[in-house]
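Reading through the structure tokens given below for one structure.
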Amino acid sequence: MSSNVLEKIVESNRLPVLFIGSGISKRYLYRYPNWEQLLRKSFKVVDSEALLYEKYADELKRKSYTEFEKNAYLGTYAEEEFNKAFYDKKIKLKGMKNGRIPKWAERGISPYKMYLSQYFKNMKLFRNDDLAKELVKFRNLKHKIAAVITTNYDQFLEKEVFNSDYSVFVNQSELFSADSYNVAEIYKIHGCVSNAESIIITKKDYDEFESSRKLIIAKMLTLFAESPLIFMGYSFTDKDVQKIISDFIGCLSPEQLEHIDEHFVFITHQKGQTDLVQTQTNILSADGKYIPITEIKTDNYELVFDILNRITPGISPLRVRQTKRVLKRIVDEGIASSNAESIIVGLDKLDDIDLSGKPLAIAVGYKENVLNKYGYGMLDAINIFEDILFNNRGFDSEQMCFERYRSIPKNHLLPVFKYVKQVKEKGMEVSEGTKLATYISDHDSLEKIIPRNIEKSLMSIPEINDANQLIEEIKKVDSVNKKAGVLLKNIREFEPTDIRCWLQEMFTNFPDELMHSTNFKRCVMCLDLMENHL
């Protein structure tokens, strides 16, 4: 496959912003409805024969409304009919007791929107082995994505992909709140099931959304200054999205528009297409100009995620957001204080620092860089494991081999071969008789990393050579040590690329357990050995 725009984004190493529509949720959630299906279902709750839907749809069709306008008005009618039936006690919602009007209704929340909230909250993942493997790679993007904008109500992104690591903002008014740092954040511009009132479904809702569209465009411009935009899960004929894109492009400078086709990508679903078919299409801007947009048609989102996962940020978006939060707090407190002095903050300790009584000259960076003059000897093991899995720390191989590993005990579980290989490529050797040389000889095969006593402890785990079966077996156990044990038992049966993917997911989902799991450490050591020594 020839080089495409996604690969150019990887080469630029700029973290993209994802603009995600319902097509993505529909791909992964079981029986997820499109807009028309949702409206039909809404009317069917009130009228089991669905005659009301056909009545209103026919009425609107005769008025020559666009598909978007028709659905917005149908949302209005659905809410009116649903709420009337609710207050006439013809239908009930979850949580109602003894037929009493619930507290949320007394607060003025629309019963129809509460119904939508409850409906989408009950969405379950689609059970499909191929999609399960694809979803693992989607989840790994949390370290490669600057932020997410979505029009979806459901909580698939924050619960199944970004695992609550990204902060979620629901209302347009929150887009520029004091708690927003423009990184590792999800902006739900059409509302969310977590707040039924926020859901945009009626003509009035869309009119109000239209009036606040400038806030969304402003946020997109802010994000676009640092990141390319990738649209996924939308149809290119979606009038609502077309309007957002048109208004956004109309705000760009001639310099920004010059290479817009490399920084503004539309990925559309084409059923059965296993490759990434890249084409150029045009969109009409608000001032009447046709602007070239890059479109990629595919049904192979795993390939999309594989490409984007090759982005290697120096600092993950999660750490960037934490850093911005800490810096803001330090500056805010410094302004209010008459005794500001200095503080050193390590990126790997952002959650643990105590700012009370600390001076305010600031040095922020990875601890190993801030304290580099003291050498690599203080480098935490978890940082090494992260670098092996994500290749994101940029450690100096000489410092690793001749400083960090200088006194490495032979019973420690640490990956070393990546850095040894890099040192050898520089024309240097690990001297015989050193502790590192001894460690290498004691761990230079899978049999040595997984000795007989460890194999014996894994005897109850089934032998597996199928990736989907392995994923299912990993899901059955809870702790990261047990999950890693399943992989460790069968690690010889799989390719390093798959092993890395599974280990990255464990690293992301179980950060507090990693360094207590000997099975996880051995798995990473095996991966390091396979890629850099065998």
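All of these numbers come straight from a predicted model, not from anything done at the bench. Along the sequence shown, the residues carry numbers beginning at 1. As a basis for the values below, the full set of heavy atoms in this structure was taken, side chains included, without hydrogen atoms, waters or symmetry mates.
- A distance of 10.0 Å separates CD1 in I296 from CG in D275, rounded to the nearest 0.5 Å.
- Between F19 and F231, the ring planes lie parallel to each other; the angle is under 30°, not in the 30° to 60° tilted range.
- Of the possible donor and acceptor atoms, none in the side chain of S198 sits under 3.5 Å from a partner among the backbone N and O of N171.
- No donor-acceptor distance shorter than 3.5 angstrom exists from the side chain of S25 to the backbone of S22, with no hydrogens or angles considered.
- Judged by distance alone, the side chains of N140 and Q504 do bring a donor and an acceptor atom under 3.5 Å apart.
- Scored by the ring-ring contact (aromatic ring centres under 6.0 Å, His included) test, F305 finds F138 as partners (sequence neighbours excluded).
- Heavy atoms only, all atoms of each residue included: K137 and N309 are closest at O-ND2, 3.0 Å.
- The residue from K418, R500, K421 that alone fulfils the side-chain hydrogen bond (donor to acceptor under 3.5 Å, both in side chains) condition with E531 is R500.
- The shortest non-hydrogen separation linking I293 to F266 is CG2-CB, 4.4 Å.
- Applying the ring-ring contact (aromatic ring centres under 6.0 Å, His included) criterion to Y206, with sequence neighbours excluded, gives W35, F68, H190.
- In this structure, the ring of F126 has its center no less than 6.0 angstrom from the ring center of Y32.
- Between the CG atom of N509 and the CG atom of N163 there is a distance of 4.5 Å, given to the nearest 0.5 Å.
- Note that CD1 of I149 is 8.5 Å distant from NZ of K219, once rounded to the nearest 0.5 Å.
- A salt bridge links E160 and R139; the closest N-O separation between the charged side-chain nitrogens and carboxylate oxygens is under 4.0 Å.
- One finds the CG atom of L514 at 9.0 Å from the CG atom of L389 (value rounded to the nearest 0.5 Å).
- The two residues L413 and F385 come nearest to each other via the heavy atoms O-CZ, 3.3 Å.
- Within the structure, salt bridge (Lys or Arg N to Asp or Glu O under 4.0 Å) contacts touching residues 181-194 (residues at least two apart or in different chains) are E158-K188, E185-R321.
- Interatomic distance, I145 CD1 to I20 CD1, rounded to the nearest 0.5 Å: 8.0 Å.
- The two residues A484 and S517 make their nearest non-hydrogen contact at CB-OG, 4.4 Å.
- Remark: E472 pairs with D129, K475 by the side chain to side chain contact (heavy atoms under 4.5 Å, CB included) rule, at least two apart or across chains.
- Partners of S194 under the side chain to side chain contact (heavy atoms under 4.5 Å, CB included) rule, at least two apart in sequence or in another chain, are Q155, V170, C192.
- Remark: E425 CD is packed, more than 12 non-hydrogen atoms of other residues, nucleotides or ligands lying under 6.0 Å away.
- N519 approaches N481 most closely through the heavy-atom pair ND2-O, 3.0 Å.
- Contact between H259 and H263 at its shortest, heavy atoms only, is O-CD2, 3.0 Å.
- Between Y419 and Y405, the ring-plane angle classifies as tilted under the 30° and 60° cut-offs.
- Taking CG from L276 and OH from Y301, the interatomic distance works out to 10.0 Å, rounded to the nearest 0.5 Å.
- With a 6.0 Å radius and a threshold of 12 heavy atoms from other residues, nucleotides or ligands, E210 has its CD atom above the threshold.
- Checked against the 6.0 Å centroid criterion, the rings of F248 and F264 qualify as a close aromatic pair.
- Under the salt bridge (Lys or Arg N to Asp or Glu O under 4.0 Å) criterion, the residue pairs touching residues 9-31 are R27-E134, R27-D299, with sequence neighbours excluded.
- No side-chain donor-acceptor contact under 3.5 Å links Q270 and T298.
- For the 3.5 Å distance criterion, the side chains of E295 and T268 qualify, holding a donor opposite an acceptor.
- With 3.5 Å as the limit, one finds no donor-acceptor pair spanning the side chains of T508 and K142.
- The number of heavy atoms from other shown groups lying within 6.0 Å of NZ (K124) does not exceed 12.
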